[in-house]
Amino acid sequence: MTGADVREQTEDSGPGGYAAARLRLLTEGARSGPPRRTALAELTDDWLAGLFTAAAAGTRGVSLVAVGGYGRGELSPRSDLDLVLLHDGSAPDAVAALADRLWYPVWDLGLSLDHSVRTPAEARRTAGEDLKVHLGLLDARHLAGDPALTAGLRTTALADWRNQAPGRLPELQELCAERAARQGELQYLLEPDLKEARGGLRDATALRAVAASWLADAPREGLADARRRLLDVRDALHLATGRATDRLALQEQDQVAAELDLLDADTLLRQVYEAARVIAYASDVTWREVGRVLRSRAVRPRLRAILGGKPVTERSPLAEGVVEQDGEVVLARTARPERDPVLPLRAAAAAAQAGLPLSLHAVRRLAATARPLPAPWPAEAREQLVTLLGSGGPTVEVWEALEAEGLVSRLLPDWERVRCRPQRNAVHVWTVDRHLIETAVRASEFTRRVSRPDLLLVAALLHDIGKGWPGDHSVAGEIIAKDVAARIGFDRSDVAVLSLLVRHHLLLIETATRRDLDDPATVRSVAEAVGTQSTLELLHALTEADALATGPAAWSSWRGSLVADLVRRVSAVLAGDAPEEPEPAAPTAAQERLAIEAFRTGGPVLALSAQTEPVTGEEPSGDPEPLGVELLIAVPDQPGVLPAVAGVLAVHRLTVRTAELRSLSLPHDVDDDGTVLLLNWRVAAEYGSLPQAARLRTDLVRALDGSLDIAGRLAERDAAYPRRRGWTAPPARVTVAPAASHHATVIEVRAQDAPGLLHRIGTALEKAGVRVRSMHVSTLGANAVDAFYVTTGTGAPLPPGDATSLAGVLEETLRA
């Protein structure tokens, strides 16, 4: 049916002609989507214009105006008609009679009507008092009568909106936030409100209002398509139910999917979620920009007065190639994404750790220019992913920014199958992909409970990855996790653990709640499946994180106690198979040479050796990308070595990735009783270049003789950089590992990695009067997992009471 056909059938302007044409348009199978909404609006325009012309004979200074959704020409089958009868105030009685002749035919057809009768001054005053009225007037469209009257109202409404934007936009943002709190997030709800939920049609309208203010604009890529998709779903919902509803109820989803020629209700929901995600992300970016502009306007006069009009942009470094600017994480001016494939993950990890959003420009530049990571990933990429996953709540916003520009699916191709995938289970409150991120967020709270937080966080990310495939998702997930873990760069043993965790991530909760724990066969079967104490530890933490991320109904103190009881029983079975303490490895020739030189010179000797690999796709002559630097230090055995070395590295802004300390006996032909402390560490610069070895040695000599005030230097630097309000890391945890060694007491420290952490630990151990026989330090993402083998001055393990006391002192020191 063409526009001409519609007009021919409604020439009499009577309700019968309009109703018949409307019914024919809505039941015409060949027409749907934007063309049908436009045709319905045009049909309604012609009918209302005819009503107005017949009823307003002789009445001057009056116009009929469509506002809101009807003003935009977006009429769904059961949409309200939003109308304003505008008049100049010269003939109020005639206008009242005209209103009756307009409204009653609309009501007689059973159409919903939102109407008002106002002069331009009244409309302006009401808009100033009521934000929703003002928003409706922004889409004012002339239907009939005096066009100058309508044009004046539209011009005034837009001018007022732009002039009042600094006050009205924060009000609009608060309105959107309150609505989101009431209605929830459209992209996760099983029965979403297409209009009111966050990421719905109301938010899309709010973005149009922000753009009309000329203060900021929304990211436009994909926004119009997302809005169109939600309107199409609402049209189908109206036709399927015959009601003016925006809630996509479960019982109506199959019929709506069929109306849209979609495969099934899951496909429908996934399309809705994808559209909502685009609108929600655009809203986040837009409101952030509005805040930035308003803050800039507030401080600009003061800065201009102070600086004589010179612009100032503060940029604070966060990581290599990454800086903070205006409350966002942006790329440094020297950053080269096309030569630095790790930069997207490094920027994301830095943003999450700082609790700051990634700027839209930065994410888009990374998506457009960053080259793919090699397979397997370099160590830094894996560590940055772990850091991102372990950053708690801020991980979600940063991950969403990466996903909005397609970076997540590029890093993890298997992610595409779970993206926006609904979970038709009342227990689940998230889609599959968001549940995986929520599980990582929850797991970040448990990183102090496990010896390998990196494996816990990656297992959290992957545990339901098999839900995108048919069959048992745990079985499918095991295969996918094995492939992903190898591509990320984990070694064979870690790949085996990760795939086992994914395969058995439901084992503990299902066994604890569905099996008899007093049956020895039950406990034995779990022990056989898990295999080791460390894997059991990881599985326990993953189980709790998974349940907490599912929803409030998935975890309780009762369930927690059942799982904990099962874990205790399985741990007892596994304790008899604990491996013996490994013998220390023999020193290499290079290590022995350094030890002899340190003994003969009486001072520290160190060597730096960079580890590099070519960038993927580079020609052989291309510059290699650094993986890190091995730092080997030999020092004559003496007190204070650990805090001195750790402090010097912290002062030089070197991040310690791994670290080992042990005593090395000198060869008999050098000295029968001589021992040297050997430190083998892998370090990387936080940003910038590495310091020269000679400078490190000079500062180390000064630290050992007490002339370098490390604590003062670190405190001074911390004071210069105010703390950012990012994610609050869980407190440090220090424990005594029972029966871990026959020769020493093993103190385990699990804490958030931070500059000077090893210096603080080493200083506390020195003050406690214990001797560090050896240590094994690992930085896994943002988590430090350190084991210190300590003895008394005579070389014996600490008495149990002293060991517990030392652990308590260390924990208190790190939490201060």
Side-chain angles (χ1 to χ4, degrees), residues 379 491 493 580-613 626-650 652 654-685 690-705 741 743-744 746 758-759 761-762 765-766 770-779 784-791 795:
D491 62 27
S493 60
E580 295 293 328
E581 183 180 346
E583 292 293 327
T588 65
Q591 292 171 344
E592 195 170 272
R593 282 196 301 271
L594 281 182
I596 293 172
E597 185 179 351
F599 176 77
R600 288 176 174 167
T601 60
V605 179
L606 59 85
L608 286 169
S609 59
Q611 301 171 3
T612 60
E613 71 177 14
L627 289 178
V629 172
E630 184 182 38
L631 174 61
L632 192 60
I633 303 175
V635 186
D637 197 351
Q638 60 186 291
V641 171
L642 172 58
V645 174
V648 167
L649 296 182
H652 285 276
L654 293 176
T655 300
V656 179
R657 298 299 186 196
T658 61
E660 292 184 2
L661 177 151
R662 61 190 176 109
S663 294
L664 185 65
S665 297
L666 295 169
H668 296 303
D669 58 345
V670 177
D671 192 299
D672 288 339
D673 300 322
T675 59
V676 171
L677 292 178
L678 189 68
L679 299 90
N680 190 359
W681 295 8
R682 185 164 69 87
V683 300
L690 290 163
Q692 294 181 348
R695 187 177 174 190
L696 282 178
R697 184 184 183 283
T698 299
D699 283 349
L700 181 53
V701 170
R702 293 177 58 207
L704 289 170
D705 66 21
S741 172
H743 310 294
V746 180
L758 274 181
H759 173 70
I761 295 172
L765 292 174
E766 287 287 332
V770 298
R771 182 182 180 190
V772 179
R773 184 173 180 266
S774 66
M775 76 174 190
H776 306 276
V777 174
S778 296
T779 304
V785 182
D786 307 341
F788 299 88
Y789 286 67
V790 300
T791 66

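Source: prediction; values computed, not measured. In this chain, residues are counted from 1 in sequence order.
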Residues which pass side chain to side chain contact (heavy atoms under 4.5 Å, CB included) with Ala646, listed by chain and number, not counting sequence neighbours: Trp681, Leu758, His759
Qualifying residues under side chain to side chain contact (heavy atoms under 4.5 Å, CB included), relative to Ala634, sequence neighbours excluded: Leu594, Ala598, Val676, Leu678
Exercise: identify the closest heavy-atom pair between Glu766 and Pro643: CG-CG, 3.9 Å
Spatial distance of atom CG (Leu765) from atom CZ (Phe788) [nearest 0.5 Å]: 6.0 Å
Any residue meeting side-chain hydrogen bond (donor to acceptor under 3.5 Å, both in side chains) with Asp699, in chain and number order, not counting sequence neighbours: His652
Heavy-atom side-chain contact between Val772 and Leu661 under 4.5 Å: yes
Check: Pro587 main-chain N/O paired with Glu592 side-chain donor or acceptor under 3.5 Å: no
Set of side chain to side chain contact (heavy atoms under 4.5 Å, CB included) partners for Val641, sequence neighbours left out: Val635, Gln638, Val645, Leu677, Leu679, Leu704
Distance in Å, Leu700 CG paired with Asp705 CG, rounded so as to fall on 0.5 Å steps: 10.0 Å
Non-hydrogen atoms of Ala693 and Leu606 that approach each other most closely: CB-CD1, 3.6 Å
Partner set under salt bridge (charged side-chain N to carboxylate O under 4.0 Å, His left out) for Asp637, not counting sequence neighbours: Arg771
Derivation and outcome, side-chain contact (heavy atoms from CB on, under 4.5 Å), residues Gln591 and Leu632: CA-CA 8 Å; Gln591 292 171 344; Leu632 192 60; 3.7 Å; yes
Verdict with reasoning, Leu608 to Leu696, per side-chain contact (heavy atoms from CB on, under 4.5 Å): CA-CA 10 Å; Leu608 286 169; Leu696 282 178; 4.3 Å; yes
Close side-chain approach of Leu649 and Leu631, heavy atoms under 4.5 Å: yes
Distance in Å, His743 NE2 paired with Tyr789 OH, rounded so as to fall on 0.5 Å steps: 10.5 Å
